[in-house]
Amino acid sequence: AQSVAQPEDQVNVAEGNPLTVKCTYSVSGNPYLFWYVQYPNRGLQFLLKYITGDNLVKGSYGFEAEFNKSQTSFHLKKPSALVSDSALYFCAVRDKGDSSYKLIFGSGTRLLVRP
Amino acid sequence: NAGVTQTPKFRILKIGQSMTLQCTQDMNHNYMYWYRQDPGMGLKLIYYSVGAGITDKGEVPNGYNVSRSTTEDFPLRLELAAPSQTSVYFCASSYSGGPTEAFFGQGTRLTVV
């Protein structure tokens, strides 16, 4: 069965410090991988995606993510956190072999950046 | 460009009542989805559609129905509302499957009392 795990309910980091939000996945084939961010009372906004090629992908707002096939991970990173980065982050996977093209989401990680 | 629009934003229903959550997109996307978001549970897929006239069940379809008569609209119908349907509902669309990202509406917060 396809699944996505975000092992941390919350990540706390000081402004200016690097941040990492972890994600691991389980799919039968090769996946497309996504990160979304949700601000309070808003829908999900797309941050970045991995399709193929370079394992390090760059996205919006200075975020990047590293794909590691052997560890089936897709961790979200940012070199220097901002208070405004505080939000709920979701990792999602789409199985290339699934004709519905649905996204399977992790349970989310709340990022809190303190001044 | 409005993107994905959901109405209403908030609704309180009594047990046993019915309602329709509206979703429309103006991006000419073929694929549309309904998710529900429960605290600490991520998003669960309720129904999806790969084009007008085609719908299929997701992970948690019980108690819901959908239709897709046009490319733009994908309403979600709740029949006989139950407290377990208290949730935040998100509609999403994507141009195609594969590597394209999905665009989400702002959500409908539904409380069943």
Side-chain angles (χ1 to χ4, degrees), chain A residues 1-10 21 23-25 29-53 57 59-60 63 65 67 74 87-110, chain B residues 2-10 21 23 25 27 29-51 54-61 66 68 74 87-109:
Chain A
Q2 303 162 37
S3 64
V4 177
Q6 293 182 241
E8 302 153 316
D9 290 337
Q10 182 162 315
V21 182
C23 171
T24 59
Y25 64 90
N30 293 319
Y32 299 117
L33 296 158
F34 302 81
W35 275 101
Y36 284 83
V37 60
Q38 184 181 30
Y39 297 100
N41 300 314
R42 303 293 300 273
L44 279 69
Q45 297 177 32
F46 169 75
L47 273 181
L48 51 78
K49 63 184 176 184
Y50 173 80
I51 302 172
T52 188
V57 294
S60 306
F63 284 93
F67 171 64
F74 189 55
L88 187 57
Y89 290 81
F90 288 97
C91 180
V93 62
R94 177 182 282 149
D95 187 342
K96 289 182 182 179
D98 182 353
S99 61
S100 77
Y101 298 115
K102 63 181 179 288
L103 287 166
I104 305 296
F105 285 88
S107 56
T109 298
R110 189 165 300 282
Chain B
V4 180
T5 302
Q6 290 182 239
T7 56
K9 287 187 171 56
F10 304 93
L21 281 65
C23 175
Q25 52 93 6
M27 297 174 283
H29 286 173
N30 292 322
Y31 293 79
M32 295 189 74
Y33 308 86
W34 275 105
Y35 288 90
R36 58 177 287 172
Q37 182 182 27
D38 300 313
M41 299 294 290
L43 280 77
K44 301 293 185 185
L45 182 66
I46 305 171
Y47 270 94
Y48 67 95
S49 169
V50 301
I54 306 170
T55 63
D56 208 344
K57 297 177 181 179
E59 303 170 78
V60 290
V66 294
R68 184 95 182 271
F74 190 43
S87 189
V88 181
Y89 292 83
F90 288 101
C91 179
S93 72
S94 64
Y95 178 65
S96 67
T100 58
E101 61 268 28
F103 293 82
F104 284 78
Q106 292 201 338
T108 296
R109 185 175 296 275

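Every chain is numbered from 1 and lettered A, B, ... according to where its sequence line falls, protein lines coming before strand lines. These numbers come from the heavy atoms of this one structure, side chains and all, not from hydrogens, waters or symmetry mates.
For chain B, the nearby part of A:I51 is the side chain; its heavy atoms alone come within less than 4.5 Å. Only the side chain of A:Y36 has a heavy atom closer than 4.5 Å to any heavy atom of chain B. Of the atoms belonging to B:L43, heavy atoms from both backbone and side chain fall under 4.5 Å from chain A. For a residue to count as touching a neighbouring chain, one of its non-hydrogen atoms must lie under 4.5 Å from one of that chain's; by this rule B:Q37 touches chain A with the side chain only. Neither the backbone nor the side chain of A:L33 has a heavy atom closer than 4.5 Å to any heavy atom of chain B.
Relative orientation of the A:F67 and A:Y50 rings is parallel, given thresholds of 30° and 60° on the angle between their planes. Between B:H29 and B:F103, the two ring planes are tilted [angle within 30° to 60°].
Contacts with chain B were tallied for A:Q45, A:K96, A:Q6, A:K102; A:K102 has the most, counting heavy-atom pairs under 4.5 Å.
At least one donor-acceptor pair closer than 3.5 Å links the side chain of B:Y35 to the backbone N or O of A:L103.
Across all non-hydrogen atoms, the minimal contact from A:G59 to A:L48 is CA-CB, 3.7 Å.
With a 4.5 Å cut-off on side-chain heavy atoms, A:W35 and A:F63 do not count as touching.
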